[in-house]
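Below: the structure, in structure tokens.
When reading the values below, keep in mind they use all heavy atoms of this one structure, side chains included, and skip hydrogens, waters and symmetry mates. If you read the sequence from its start, that first residue is 1, and numbering goes on from there.
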Amino acid sequence: MTDPCVFDHVDKDGVTVLAAPGRMACGRCCDRVWQDLGKLQLLYDGVTDVDELIPGGSPDSTGGRSVPGPRSPAVDALLVHTDPRSSTGPGESP
């Protein structure tokens with residue numbers, strides 16, 4: 001048996017819409033989530049570049065180059081979310 005859509009989606013008659021097979025939400029809600037995530041990615045891309053989030057560190061003894069600083073776990077998570085190899089489209093499995 002299919003579970004109801006996790007977003008409590010109801011049709012125009014007030015009947016609860018069931019989740020799409022293999023999903024937790026109905027097809028309409030899944031499509032909407034993908035659209036919203038796409039918009040969010042575009043907004044985020046316009047706000048900052050990943051390179052700006054990585055600290056520069058301090059210069060080493062030669063003075064000509066700098067030692068890379070530590071990278072925040074948040075930056076690692078951001079890299080995973082922005083890497084096209086770690087994302088799937090609607091209907092694809094990870």
What one should report as the nearest heavy-atom pair of Cys5 and Cys26 is SG-N, 3.5 Å
Quick one: salt bridge (charged side-chain N to carboxylate O under 4.0 Å, His left out) partners of Arg28, sequence neighbours excluded? none
When clusters are formed from ILVMFWY side-chain contacts under 4.5 Å, directly or step by step, what else is grouped with Met24? Val6, Phe7, Val33, Leu37
Report all side-chain donor-acceptor pairs from residues 10-18 shorter than 3.5 Å, counting only partners two or more places apart or in another chain.
from, atom 1, to, atom 2, distance (Å)
Asp11, OD1, Asp13, N, 3.0
Asp11, OD1, Gly14, N, 3.1
Asp11, OD1, Val15, N, 2.9

